[in-house]
There are 2 protein chains.
Amino acid sequence: MVDLDGAISAGRSARTRGVSLREQVAEQIKQLIIRNRMRPGDLLPTEGELCEELGASRSSVREAVKVLAALDIVEVRHGHGTYVGKMSMAALVESLAFRGFLSRDNDYRLIADLVDVRATLEQGFAETLVASSTPEQRDRLHALATGMRTRAERGEDIIDLDRDFHLALMAPLDNDLVLQLTGAFWDVHAIVAPGLGSSSEQLVQTADAHLRIAERVAAEDAVGLREAIAAHYQPIRTNIAAHIARARED
Amino acid sequence: MVDLDGAISAGRSARTRGVSLREQVAEQIKQLIIRNRMRPGDLLPTEGELCEELGASRSSVREAVKVLAALDIVEVRHGHGTYVGKMSMAALVESLAFRGFLSRDNDYRLIADLVDVRATLEQGFAETLVASSTPEQRDRLHALATGMRTRAERGEDIIDLDRDFHLALMAPLDNDLVLQLTGAFWDVHAIVAPGLGSSSEQLVQTADAHLRIAERVAAEDAVGLREAIAAHYQPIRTNIAAHIARARED
DNA sequence: CCGGATTTGTTCGTATGTATA
DNA sequence: ATATACATACGAACAAATCCG
């Protein structure tokens, strides 16, 4: 049972200045999580309890909870209860993916920008990566790349290994935010521009590009690593440019 | 008047497999925006109209709209109507800020990770920045830095100029995503760790650090720019380390 | 300044679907 | 299979904000 004392609104007549009740409820639920030092997976009070404790109707509480669920601050399981969420980048992915769909009808701008961000992040961390990666991490990177190679030769899909590779590449940084951003940007790319840079005849080339990245990390060659990363994203940029040219004709 | 044809659920008895009605409504509203090629600021149907067109109750429509509003895909104005949103990074800021408050009670981990991301992004784009910045952009950067200097000497706050400076620094990239991420990360930093790296006796040093960045851009010195950016973030890292040490004592 | 129309904000009661024991 | 607890969904009513004549 969590402590609700202090999270009670103490009569919202005090400060209702323009801010809606739903926003107040959302803020109080967030404060509840912080105050009680709750962790992802912990059980939150039921909707009914929140209504009573926070002095709001079921609708207001539900709308607030849904907003927090969209941010992955809470997680709702039907017929089960409401829990503290995993704090993932789900909201960023959904937001960027929607913008990607919009830009896909026009100039592919967001996707091109996204590739620049992904490449620059990986290149920017190149020095730190080669300096702090452990032998185990380099082995894993190499194993993922060779796995992509063998599956590419059979014409099989390598999309899941691709995601794992880019996460494994950034793992030595010991930076959770970078890992989550890397995964989120990859997800957006996969949702909005599926198959961009992995058309069937390019599969082997894509796998080789990853293999060269793994080799440069193992060789502790930061300059070569940056070049290998640039080479990895080059065909993707070319494909995007082709799509843009095709879109202009319409 | 927007076209709602095709966005109608055609009887949701067909596909109700596990996915909640609210999610279906949210998806249909997004499709409505894409289908009609609507732009930020365009007026969406009223709640009542959406209920009728999508065959859902007002509660379900409202919850869906609130989720989309949290992602800044739509914007709701009380007593006015619902409009297409600005597609900002508001959700990312709120999500990261919440995680920042949680980590502030423990290890300041998110803030430290965030500084690494901000520094690496700016350093990673250094070459492109010096290569593509226009004289006007360099002048603006220098003007912002000197403005920070004069106000710092008077002991005045320079936080607003700081945000403008970091946005102006990235402006030459012509990459909207980078600009929005830069602003979002800055906002999270300001919300979670206010005054970190801008304590009153450090104000002049902070302004000088920005001045050196502007000078390196003007000199088209990418290597020096990277060093200047690293120097800019150094006192912030030191302050964070001090906070971590202080937190450990408790 | 006012009043009416429109639109979103909030509440309540009720019924239904879902998961656990 | 039954009972309980919980989230999901609906509809009607009233409150508050905004705009306009």
Side-chain angles (χ1 to χ4, degrees), chain A residues 1-2 4 8-9 11-29 32 41-70 72-85, chain B residues 1-2 4 8-9 11-29 32 38 41-85:
Chain A
M1 184 58 184
V2 295
L4 281 165
I8 304 175
S9 65
R12 64 181 176 282
S13 56
R15 288 264 177 263
T16 319
R17 42 169 190 187
V19 54
S20 72
L21 180 55
R22 162 179 32 84
E23 294 174 59
Q24 299 178 39
V25 170
E27 185 59 34
Q28 286 173 315
I29 294 175
L32 180 70
D42 288 354
L43 183 60
L44 283 164
T46 68
E47 287 182 353
E49 287 172 324
L50 286 173
C51 294
E52 191 176 354
E53 311 277 357
L54 303 180
S57 75
R58 201 174 189 84
S59 307
S60 298
V61 169
R62 276 182 60 81
E63 287 178 13
V65 168
K66 264 59 194 176
V67 167
L68 296 181
D72 206 11
I73 289 176
V74 307
E75 179 184 348
V76 181
R77 299 183 212 165
H78 189 170
H80 210 259
T82 305
Y83 301 79
V84 177
Chain B
M1 186 58 182
V2 295
L4 283 164
I8 304 175
S9 66
R12 64 182 177 282
S13 55
R15 292 256 179 269
T16 318
R17 44 169 188 187
V19 54
S20 70
L21 180 55
R22 163 179 29 86
E23 294 175 60
Q24 298 178 40
V25 171
E27 185 60 32
Q28 285 173 315
I29 294 175
L32 179 70
M38 302 177 73
D42 288 354
L43 184 60
L44 283 165
T46 68
E47 289 180 352
E49 287 172 326
L50 287 173
C51 293
E52 191 177 353
E53 311 278 357
L54 303 181
S57 74
R58 196 167 165 222
S59 310
S60 299
V61 169
R62 277 183 59 83
E63 287 180 14
V65 168
K66 263 58 197 175
V67 167
L68 296 181
L71 302 175
D72 205 9
I73 289 176
V74 307
E75 178 184 348
V76 182
R77 299 184 212 167
H78 187 176
H80 206 257
T82 305
Y83 301 79
V84 178

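Proteins come first, then strands; the chains are lettered A, B, ... in the order of their sequence lines, and each starts at number 1. Please read these numbers as outputs of a predicted model, since none were measured by experiment.
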Requested in this report: For A:Gly81 and for A:Ser59, locate the closest nucleotide of DNA chain D by heavy-atom distance; then report the residue assigned to the nucleotide nearer the 5' terminus.
Outcome: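 Its nearest nucleotide lies further toward 5', so the answer is A:Gly81.
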Send over the distance from [X] [atom1] to [N] [atom2], rounded to a whole Å.
X       : N      : atom1 : atom2 : value
A:Leu21 : C:dC12 : CG    : P     : 11 Å
B:Leu54 : D:dG11 : CG    : P     : 14 Å
B:Glu63 : D:dG11 : CD    : P     : 14 Å
A:Arg22 : D:dA17 : CZ    : C1'   : 14 Å
B:Glu75 : C:dT7  : CD    : P     : 17 Å
B:Glu47 : D:dC10 : CD    : P     : 14 Å
A:Gln24 : C:dG9  : CD    : P     : 14 Å
B:Leu50 : C:dT6  : CG    : P     : 18 Å

Nearest atoms (heavy-atom pairs only) where [X] meets [Y]:
X       : Y       : result
A:Ala64 : A:Arg22 : CB-O, 3.5 Å
B:Leu43 : B:Met38 : O-CE, 3.3 Å
B:Pro45 : B:Leu32 : CD-CD2, 4.0 Å

Compare side-chain N and O positions of [X] against OP1 and OP2 of [N] and report whether any pair is under 4.0 Å apart.
X       : N      : answer
B:Lys66 : C:dG9  : yes
B:Arg62 : C:dT8  : no
A:Ser60 : C:dT11 : yes

What protein N or O atoms touch nucleotides 19-21 of chain D N or O atoms at under 3.5 angstrom, if any, and at what distances?
none

Query raised in the report: Does the side chain of A:Ser60 come under 3.5 Å of the side chain of A:Glu63 through a donor N or O and an acceptor N or O?
Result: no
Requested in this report: Describe the nucleic acid contact of A:Arg58 in one word from base, sugar-phosphate, nothing, applying a heavy-atom distance below 4.0 Å.
Outcome: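 Result for A:Arg58 = base.
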Query - Minimum-distance nucleotide (side-chain atoms of B:His78 versus D:dA17, D:dC10, C:dT11) - result: D:dA17
Query - B:Thr46, nearest nucleotide to its side chain (from C:dT7, D:dA7, C:dT11) - result: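 Looking only at side-chain atoms, B:Thr46 lies closest to C:dT7.
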Query raised in the report: Does a distance-only test, which skips hydrogens and angles, find a donor-acceptor pair under 3.5 Å between the side chain of B:Arg77 and the base of C:dG9?
Result: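 Counting by modelled atom types and ignoring angles, no donor-acceptor contact under 3.5 Å is found here.
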Requested in this report: May I have the step-by-step check of side chain to side chain contact (heavy atoms under 4.5 Å, CB included) for B:Val84 and B:Val74, ending in yes or no?
Outcome: CA-CA 4 Å; B:Val84 178; B:Val74 307; over 6 Å; no
Query raised in the report: Looking at CD of A:Gln24 and CD1 of A:Ile29, how far apart are the two atoms once the value is rounded to the nearest 0.5 Å?
Result: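 Output value for this atom pair is 12.0 Å.
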Report task. Would you mind telling me which of B:Val25, B:Thr46, B:Val61 makes a side chain to side chain contact (heavy atoms under 4.5 Å, CB included) with B:Cys51? Result -> B:Val61
